[in-house]
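First comes the structure, then the notes that go with it.
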Amino acid sequence: MTSNNQDLIEDLVLANHILYNEGVLDGFGHISVRNPLDPSTFFIAKSMAPGLVKAQDILLCDLDGVIHDEQKRNSYVERYIHSEIYRARPDIHSVVHSHSASVIPFGVTSQRLRPICHMSGFLGAITPIFEIRHSAGEGSDLLISSQKLGKALANTLGSSTVALMRGHGSVAVAHSIKQAVYRAIYTETNAKLQLESMKLGEIEFLSDAEASATSNMNDQHLERPWQLWKEKALQAR
Ligand code: MN
């Protein structure tokens with residue numbers, strides 16, 4: 001890790017704390033950011049609870065999932081989620097994997113997660129569901145613990161912003177840390193709203209054109225919620 005990346009590392013630490021504080025991550029889940037100085041590597045915390053991450057806990061990982069650390073510390077078993085998405089998607093610079101609770105029902109039923117309000121237009125028309133049994137058979141532990149499984153997940157994600165993982169969680173991808181945090185938080189919010197709305201009746205979702213227009217609009221205002229979430233997370237420390 002070079003000093004040139006100091007601000008980026010600081011934002012990655014903050015993102016860990018924000019996602020914990022906003023209820024997207026708990027003791028589990030992770031966020032990473034691609035290294036702008038060497039795009040074939042990325043930064044991710046060592047294997048630990050996101051809410052406790054400090055700058056010195058951030059490790060460098062390559063696209064084969066190999067950690068480059070003089071102290072031989074290890075990162076998450078599921079780092080292949082990140083490495084294989086970065087390999088498959090050169091446009092992506094930050095990845096969040098979470099088990100946020102409201103999203104899970106949409107990965108295990110025929111109800112598809114779709115954009116229900118203007119803050120979650122980034123979900124677009126299709127939020128694919130990854131079925132690990134197709135790659136790992138009937139008796140897996142559901143974790144993305146190899147390059148092979150990471151590749152299969154990246155393949156299911158395709159060009160989408162969010163993919164659900166059946167019986168496990170979801171992954172949100174973005175062009176920056178701030179956009180990734182925004183998307184992970186509003187994926188959970190959208191799922192909550194969709195679950196509530198389903199109780200009342202048939203849902204009128206955003207049209208594809210509305211999803212696209214609202215997503216473009218919100219991308220211009222990522223700084224505003226980031227500042228708020230940052231302040232809340234700092235106060236909660
Ligand atoms: Mn997981």
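Starting from 1, each residue takes its place in the sequence as its number. Quantities reported herein were computed from a predicted structural model and do not represent experimental measurements. Start at 1 and go down the list; that is how both ligands and their atoms are numbered.
Inter-residue side-chain proximity for Glu204 and Glu202 is flagged as unmet; no heavy-atom pair is nearer than 4.5 Å. Between Ile132 and Met165, the closest side-chain pair of non-hydrogen atoms is not below 4.5 Å. Residues Ile67 and Asn74 form a side-chain contact, since some pair of their non-hydrogen atoms from C-beta on lies under 4.5 Å apart.
Annotation: Phe106, atom CZ; neighbour count of heavy atoms from other residues, nucleotides and ligands within 6.0 Å is above 12. Around atom CD1 of Ile126, no more than 12 heavy atoms belonging to other residues, nucleotides or ligands sit under 6.0 Å away. Annotation: Met217, atom CE; neighbour count of heavy atoms from other residues, nucleotides and ligands within 6.0 Å does not exceed 12.
Of all protein N/O/S atoms, those under 2.8 Å from the Mn ion (ligand 1) are Glu78 OE1, His97 NE2, His99 NE2, His168 NE2, and waters are not counted.
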